[in-house]
Amino acid sequence: MPELSQPAPDFSLPVTGGGTVTLADLKGTPVVLFFYPRDDTPGCTKESIGFSEHLADFEAAGAKVFGISRDTMAKHDKFTAKHDLTVPLLSDENGEMTEAYGVWVEKNMYGKKSMGIERATYLIDAQGDIAKIWRKVKVPGHVEAVLDAVKAL
């Protein structure tokens, strides 16, 4: 799992709208990566809508924002269309990125254990280093806290 001030693990993943996003290509720009469990679930929907509603504020602060789950691009496209999302979503179908960022964890829901994505957000500075990490994110107020951290860079 990456730590504060360490280089962020590089990745190259497909993005909604077509194409591929590679972290190395974004060097020189702060990057927000929010990991979420699944498209079209209540918390994930609220979080994605929140980042979409504030996307212009992040861009004004010079940052790029991406949501990541292990859903397919087809599911991401449906999710984006259904909720008019403007935040780009990356598909980590094979799980390499969620593993590299330490967010693929054992979860315990009502006594049943399973593997899944822990809701987490990483702020990567313009040099490509981890500037801030939010683990076990609670959705209310989170987008605003991340935006404040971007502005403080």
Side chain to side chain, [X] and [Y], heavy atoms closer than 4.5 Å:
X   : Y    : result
R70 : I117 : yes
L26 : F66  : yes
F11 : E96  : no

Distance from [X] atom [atom1] to [Y] atom [atom2], nearest 0.5 Å?
X    : Y    : atom1 : atom2 : result
T86  : L55  : OG1   : CG    : 4.5 Å
I68  : T98  : CD1   : OG1   : 9.5 Å
I133 : L4   : CD1   : CG    : 4.5 Å
R135 : R119 : CZ    : CZ    : 13.0 Å
D125 : T29  : CG    : OG1   : 11.0 Å
T41  : F79  : OG1   : CZ    : 7.0 Å

- M109: hydrophobic cluster co-members (side-chain, 4.5 Å):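 Its cluster mates, by chain and number, are Y110.
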Hydrophobic cluster membership, [X] vs [Y], 4.5 Å side-chain cutoff:
X    : Y    : value
L33  : V103 : yes
M73  : F35  : no
V150 : I124 : no
M97  : I130 : yes

Ring-plane angle category for [X] and [Y], please: parallel below 30°, perpendicular beyond 60°, tilted otherwise.
X    : Y    : value
Y36  : H76  : tilted
Y101 : Y122 : perpendicular
F51  : F58  : tilted

[X] side chain to [Y] backbone, donor-acceptor under 3.5 Å:
X    : Y   : answer
T16  : L89 : yes
T121 : F34 : no
T80  : L85 : no

- Item | Residue that, paired with H54, satisfies side chain to side chain contact (heavy atoms under 4.5 Å, CB included) out of V143, V146, V87 | V143
- V21 and side chain to side chain contact (heavy atoms under 4.5 Å, CB included): which partner among L13, V31, L90?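 In the set L13, V31, L90, the residue that makes a side chain to side chain contact (heavy atoms under 4.5 Å, CB included) with V21 is L90.
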Which atom pair, heavy atoms only, marks the closest approach of [X] to [Y]?
X    : Y    : result
A149 : K132 : CB-CD, 4.1 Å
T20  : V15  : N-CG1, 4.2 Å
S69  : P37  : CB-O, 4.1 Å
G43  : V139 : O-CG2, 3.6 Å
A100 : P9   : O-CG, 3.8 Å
Q6   : E3   : OE1-N, 2.8 Å

- Kindly check if the number of other-residue, nucleotide or ligand heavy atoms within 6.0 Å of NZ (K27) is above 12? no
- Can you tell me if D129 and Q127 form a side-chain donor-acceptor pair at under 3.5 Å? no
- Note on the structure: Taken in chain and number order and not counting sequence neighbours, the residues that satisfy salt bridge (Lys or Arg N to Asp or Glu O under 4.0 Å) with D71 are K75
- Query: Knowing that exactly one of K46, K78, K82 qualifies, which makes a salt bridge (charged side-chain N to carboxylate O under 4.0 Å, His left out) with D40?
  - Reply: K82
- Using the test ring-ring contact (aromatic ring centres under 6.0 Å, His included), find all partners of H142 that sit at least two apart in sequence or belong to another chain. W134
